[in-house]
S.K.: 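What follows is a structure written as structure tokens; I'll ask about it next.
Naming convention: chains lettered A, B, ... in sequence-line order (proteins, then strands); numbering from 1 in each chain.
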Protein chains: 2
Amino acid sequence: MALKYSRQREAIKEFLSTRKDHPTADMVYTQVRKEFPNISLGTVYRNLTLLAETGEISRINVGDGIDHFDPDTSEHYHFQCKKCGCVQDLKLEHTGKTNELAAMQFDGEIMGSVTYFYGLCGKCKEARNS
Amino acid sequence: MALKYSRQREAIKEFLSTRKDHPTADMVYTQVRKEFPNISLGTVYRNLTLLAETGEISRINVGDGIDHFDPDTSEHYHFQCKKCGCVQDLKLEHTGKTNELAAMQFDGEIMGSVTYFYGLCGKCKEARNS
DNA sequence: AATAAAAATAATAATCGTTTTTATTTTTAA
DNA sequence: TTAAAAATAAAAACGATTATTATTTTTATT
């Protein structure tokens, strides 16, 4: 094993485990800096990548060009609000059948797929109708 | 109408219409520059955005952090090879049912969704098995 | 406990895709 | 033909992320 303990990595993982809002690297940085004022943004990025590689967290893409991170590594869908940018989990069972479907008529090898949803979150929808 | 004709925009659209490989802005720039040696990268970006907004082309995200562009604006799925990065169309009918499904148990408004596939393309799969 | 190699860090610069700015040139309607 | 509106080229700026480097931590071994 070539992975050594680090207080910073633990703090990052600990912070993330408390969040359901799918923070970006910068949001993690801002928060963890309260406990480690000298932590570097590079350290945050490196550890988030490390944690994602070992499968302890997952990196998610919702099409805004910024990586978000999720302590819940089970397969599930995400939604991003086009107005406020918030990212939420969707209560929709992940089918997984899509991979097999796509394998038809394809000469390569499908390893996986990504699906995300977008629209207006509850709050922004409410705000618009008032 | 606030959209004026431009030779550059026509050249960009014309070039894109000949391609099935989903070029990036930079690929468009490199090619169109053969006809317009002084065209600026900013002009390419602005016109691709303009064409995507008017629905003449579509902007696609395959999770590599780079926007690709497609002259085919019909809804269909894309695949990207993790090895060589090529982007291909998938012959898989777009269901569209997913939006409705997601609307269940959600207090906001789902406007749409994006799905893309990844893995090894035919060539890279072949190369690996030899 | 002392040591030394391996890994992690902070600080910073660099990179990459993309957007913005600005002064100039094209387009187009009058 | 003229003048306003939009488009352009060139360049700087931007934001997210990665790479570099010298220093500090961790950890296995004396």
S.K.: Quick one: does A:Arg7's side chain get under 4.5 Å of A:Glu35's, heavy atoms only?
M.R.: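 A side-chain contact under 4.5 Å is absent here.
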
S.K.: For A:Tyr29 and C:dT9, what is the distance between atoms OH and P respectively, to the nearest whole Å?
M.R.: 14 Å

S.K.: Check the pair B:Phe79 / B:Tyr118 against ring-ring contact (aromatic ring centres under 6.0 Å, His included), numbers first and verdict last.
M.R.: CA-CA 5 Å; B:Phe79 164 90; B:Tyr118 56 87; 8.3 Å; no

S.K.: Rounded to the nearest Å, what distance is computed from the CE atom of residue A:Met27 to the C1' atom of nucleotide D:dT17?
M.R.: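 Nearest whole value for this atom pair: 17 Å.
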
S.K.: For A:Ile39, does its backbone N or O pair with a side-chain atom of A:Thr43 as donor and acceptor, under 3.5 Å?
M.R.: no

S.K.: Nearest-Å distance, CD1 (B:Ile66) to P (C:dG17)?
M.R.: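 Computing the B:Ile66:CD1 to C:dG17:P distance gives 5 Å.
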
S.K.: Is the phosphate of D:dA9, meaning OP1 or OP2, less than 4.0 Å from a side-chain N or O of B:Gln8?
M.R.: yes

S.K.: Can you measure A:Lys13 atom NZ to C:dA8 atom P for me and round it to whole angstrom units?
M.R.: 14 Å

S.K.: If you apply the rule ring-ring contact (aromatic ring centres under 6.0 Å, His included), what do you find for B:Tyr116 with B:Tyr77, and how did you get there?
M.R.: CA-CA 6 Å; B:Tyr116 57 82; B:Tyr77 292 110; over 10 Å; no

S.K.: Of the candidate nucleotides C:dT18, D:dA6, C:dA8, which contains the atom at the shortest distance from the side chain of A:Leu3?
M.R.: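 Output: C:dA8.
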
S.K.: Now, which nucleotide makes the Watson-Crick or G-U wobble pair with D:dT30, with each of the two distances under 3.5 Å?
M.R.: C:dA1

S.K.: Is there a side chain to side chain contact (heavy atoms under 4.5 Å, CB included) between A:Leu48 and A:Ile57? Walk through the geometry before answering.
M.R.: CA-CA 8 Å; A:Leu48 285 171; A:Ile57 65 174; 3.8 Å; yes

S.K.: On the 0 to 90° scale, with breaks at 30° and 60°, tag the A:His22-A:His78 ring pair as parallel, tilted or perpendicular.
M.R.: perpendicular

S.K.: Compare side-chain N and O positions of B:Arg7 against OP1 and OP2 of C:dT27 and report whether any pair is under 4.0 Å apart.
M.R.: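 Indeed, a polar side-chain atom of B:Arg7 lies that close.
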
S.K.: Both distances under 3.5 Å, Watson-Crick or G-U wobble: report the partner of C:dT21, or none.
M.R.: D:dA10

S.K.: Under a 4.0 Å heavy-atom cut-off, which of residues 31-58 of chain A touch DNA chain C?
M.R.: A:Asn38, A:Ile39, A:Ser40, A:Thr43, A:Arg46, A:Asn47

S.K.: Side-chain N or O of A:Ser6 less than 4.0 angstrom from OP1 or OP2 on C:dT9?
M.R.: yes

S.K.: Rounded to the nearest Å, what distance is computed from the CZ atom of residue B:Phe69 to the C1' atom of nucleotide C:dT18?
M.R.: 10 Å

S.K.: Just the rounded figure in Å: distance from C1' of D:dA9 to CZ of B:Arg9.
M.R.: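 To the nearest whole Å, that distance equals 16 Å.
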
S.K.: Within the structure shown, what part of the strands sits under 4.0 Å from A:Asp26 by heavy-atom distance: base, sugar-phosphate, or nothing?
M.R.: nothing

S.K.: Can you measure A:Tyr5 atom OH to C:dT9 atom C1' for me and round it to whole angstrom units?
M.R.: 14 Å

S.K.: For a quick check under 3.5 Å, do A:Thr24 and A:Asp26 share a side-chain donor-acceptor pair by atom type?
M.R.: no

S.K.: Does the base of C:dA6 carry an N or O that pairs as donor and acceptor with the side chain of A:Lys4 under 3.5 Å?
M.R.: yes

